[in-house]
Amino acid sequence: MEQVLGSDSVPSGPMDKSKVLTVKPLRCLVPIFPSQRDTTAPQTSQFASVPPTGPFPPGAAPFFPFFASNESQRQGTGANQGRSYPIPSPVPLNSFRTPASAAGNGDIGTSRRSSRNRVAADEDGYSQGDAYENSFGMYTEDGSDVVKKRKSRKKAKGRPAIAVSLSEVDIESLVNNLLKSFNLVEIDTFYQANSDKELVERVLIVYNLLRRKITQIDDSKEAVPGVARRPDLRSGTILMNKGARANVKKRIGTVPGIDVGDIFFFRMEMCLVGLHAPIMGGIDYLTVKVSADEEPVAVSIVSSGGYEDDGDDGDVLIYSGHGGVQRKDKQQMDQKLERGNLALEKSLHRANEVRVIRGVRDFASPTGKIYVYDGRYIIHESWIEKGKSGCNVFKYKLVRVAGQPEAYTVWKSIQQWKDGVTTRVGVILPDLTSGAESLPVCLVNDVDDEKGPAYFTYLPHLKYTKPFASSKSFLNCSCSDGCEPATNCPCVQKNGGYIPYTALGILLSHNSLIHECGPACLCPRTCRNRVSQAGLKIRLEVFKTKDKGWGLRSWDPIRAGAFICEYAGDVIDSSAVESDDNYIFDATRSFDQLEFVPIDDPVKVPFPLIISAKNGGNVGRFMNHSCSPNVYWQPILRENHDQSYLHVGFYAIKHIPPMQELTYSYGMVRTDKDGPRRKKCLCGSSKCRGYFY
DNA sequence: GGATGTTCACTGTG
DNA sequence: CCACAGTGAACATC
């Protein structure tokens with residue numbers, strides 16, 4: 001009914017609202033002026049409120065010198081300095097980021113080939129395990145003093161307190177190692193304000209590594225009541241204080257390094273990369289100078305679901321303003337035209353773009369949410385409605401700017417495919433595994449008329465004719481309820497005292513050999529330490545790519561670290577490799593250090609495993625190569641008395657949105673002398689080597 | 001009165 | 001359920 005009000009409020013401006021509201025705005029409403037610019041034009045810094053060189057928000061820049069000295073001081077005393085692993089010393093500080101301004105033409109990434117020279121270093125082996133693991137294994141005492149300390153630290157913002165608790169020292173050195181590995185130690189101020197894809201990705205990956213690691217540590221302690229269990233916030237604060245963040249400068253419109261469709265699993269992630277700054281609030285805005293006056297302008301909103309409604313059109317969003325809820329007693333009251341609400345109002349009149357992030361329920365983790373960046377919207381109208389309690393609520397109608405890649409609508413389509421409401425176009429087979437997997441795997445071709453890949457037998461698991469023999473005999477566990485962290489279960493011990501996975505089956509740390517429970521272990525199939533044995537958890541599809549044959553992608557969003565599938569097939573001897581076999585997985589190849597996996601010693605594969613999936617295999621055989629992959633593999637060992645079964649597990653490097661192709665690096669043949677096996681690479685990445693194995 | 005430092009309120013989340 | 005943190009804006013001090 002109020003729609004009537006809404007429709008005529010467009011031309012008549014804000015007067016309606018001030019009439020309805022007795023509240024006077026915090027800042028006066030200056031006269032409306034037309035959007036002074038075509039909104040499709042790039043909006044780089046028209047409203048820049050922060051000069052590129054500062055002054056900087058407190059908490060970021062001023063602390064760099066401090067941390068730098070802290071860093072060098074720590075060099076000799078850190079918890080793992082005594083270890084023999086080569087410290088990734090001053091890091092390949094590839095002098096890296098000359099201010100992005102200089103690279104105005106966006107020619108990034110061409111100078112990074114040098115990471116290759118690290119390959120030579122790995123050839124003489126190393127002890128297994130990684131620095132992070134080991135540095136933690138030593139201290140698992142309680143952290144009861146941590147709580148108090150964190151409070152008192154708040155005063156001296158960002159200053160690392162004198163080490164009180166051993167585990168805090170550990171976290172400090174873990175963080176420093178991570179930051180060094182990913183070249184996030186002292187980010188150029190301008191680059192920090194105006195970032196790019198590289199920085200965004202590195203920040204996100206470090207955030208997730210840190211968060212998972214802290215989760216793992218928390219997990220291994222017995223629950224201390226009162227200790228905050230929010231690794232998401234804790235790791236976020238740490239990175240904030242260290243300045244390891246991107247796009248600090250707020251901006252209207254597109255954020256460098258963030259693509260429409262990108263997904264996030266925590267509010268903190270969006271905060272760290274400058275997509276949406278408020279850690280809780282739904283509306284982000286900045287203040288712009290208008291002659292002598294200032295006014296707020298909205299930059300992004302998070303719609304956490306609930307009230308969007310408006311039927312099936314995924315390009316329209318009805319958004320409610322904030323406020324109107326008494327915090328203490330949860331009393332409802334009228335919303336006021338201030339802060340975010342005022343900013344949205346201003347954006348409406350200026351016809352500014354507003355980024356929209358849609359929160360959707362995460363079915364893999366019912367308590368969690370996934371945030372989908374759905375691109376830029378324009379506010380078309382606003383009005384006031386009476387809420388349930390009879391109080392005034394602001395409503396804004398946003399319409400998606402045309403010409404952007406699909407994002408949220410993809411999610412809607414997938415949901416409909418799953419529900420059987422609509423059918424996927426181009427389906428050749430609804431389940432190419434014929435029921436061999438716990439979930440169906442669709443075979444789809446919507447690009448040409450090829451009817452499917454060459455014949456093969458679907459094998460859900462790796463087939464061994466003979467396991468690797470071991471000289472020693474392994475203990476099996478007897479955890480009848482499944483293995484738990486912080487127990488003396490032999491399988492947990494083999495993993496350095498931890499279970500390598502979270503309760504959700506997310507891999508907790510990179511670069512370690514994963515010891516899963518073996519056939520003789522008495523724990524159930526559902527044990528947390530049998531993630532790769534539990535079958536598919538992600539709804540995958542095999543699809544025809546434009547130019548790379550068949551490929552693999554997912555209907556479900558995938559979290560960084562999630563297990564995707566193993567590489568199934570027949571374990572063969574190196575002498576049995578046929579030259580026309582395009583489905584070889586060869587763990588003895590050399591694998592370039594992945595850019596987004598910590599620069600640590602890579603895991604040594606304990607046995608020379610070669611798998612052929614030519615005649616038989618699983619979905620893993622369809623995953624294509626890429627020089628900048630979103631998936632990587634790790635060896636998994638399952639032991640059984642004196643036998644070892646080595647498996648290859650695929651895990652997500654980063655969060656992967658639905659329908660994005662899954663790729664990993666096939667590696668290089670070590671003795672390659674420009675041999676005949678080289679294949680032209682079509683990955684299309686800016687870092688493409690041009691060929692693979 | 002401009003610059004800088006401090007405190008507080010506001011915002012849902014996991 | 002409830003502690004949690006970034007930010008803007010008001011307030012305080014230089």
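What you see is a predicted model, and the numbers here were worked out from it, not measured in a lab. Every chain is numbered from 1, with letters handed out A, B, ... down the list of sequences.
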For the side chain of [X], counting heavy atoms from C-beta on, which of [options] is nearest?
{"X": "A/Tyr371", "options": "C/dT7, B/dG14, C/dA5", "answer": "B/dG14"}
{"X": "A/Tyr285", "options": "B/dG14, C/dG8, C/dG6", "answer": "C/dG8"}
{"X": "A/Arg230", "options": "C/dT7, C/dA9, C/dA3", "answer": "C/dA3"}
{"X": "A/Arg267", "options": "C/dA5, B/dG14, C/dT7", "answer": "B/dG14"}
{"X": "A/Met240", "options": "C/dG6, C/dA5, B/dT11", "answer": "C/dG6"}

Kindly say if [X] contacts the phosphate of [N], meaning a side-chain N or O under 4.0 Å from OP1 or OP2.
{"X": "A/Lys250", "N": "C/dT7", "result": "no"}
{"X": "A/Ser304", "N": "B/dT13", "result": "yes"}
{"X": "A/Thr237", "N": "C/dC4", "result": "no"}
{"X": "A/Ser365", "N": "B/dG14", "result": "no"}

Exercise. How are the rings of A/Tyr207 and A/Phe266 set to each other: parallel, tilted or perpendicular (split at 30° and 60°)?
Worked result: perpendicular
Is atom NZ of A/Lys418 surrounded by more than 12 heavy atoms (other residues, nucleotides or ligands) closer than 6.0 Å? yes
base_contact_polar (B/dT11 base, A/Arg339 side chain, donor-acceptor, <3.5 Å) = no
Discussion item. Looking only at the side chains, is there a donor atom on one of A/Asn247 and A/Gln192 sitting less than 3.5 Å from an acceptor on the other?
Written reply: no
Would you classify A/Gly323 as touching base, sugar-phosphate or nothing, given that sugar-phosphate means primed atoms plus P, OP1 and OP2, and contacts are heavy atoms under 4.0 Å?
-> sugar-phosphate
Checklist entry - Under 6.0 Å between the ring centres of A/Phe265 and A/His655? => result yes
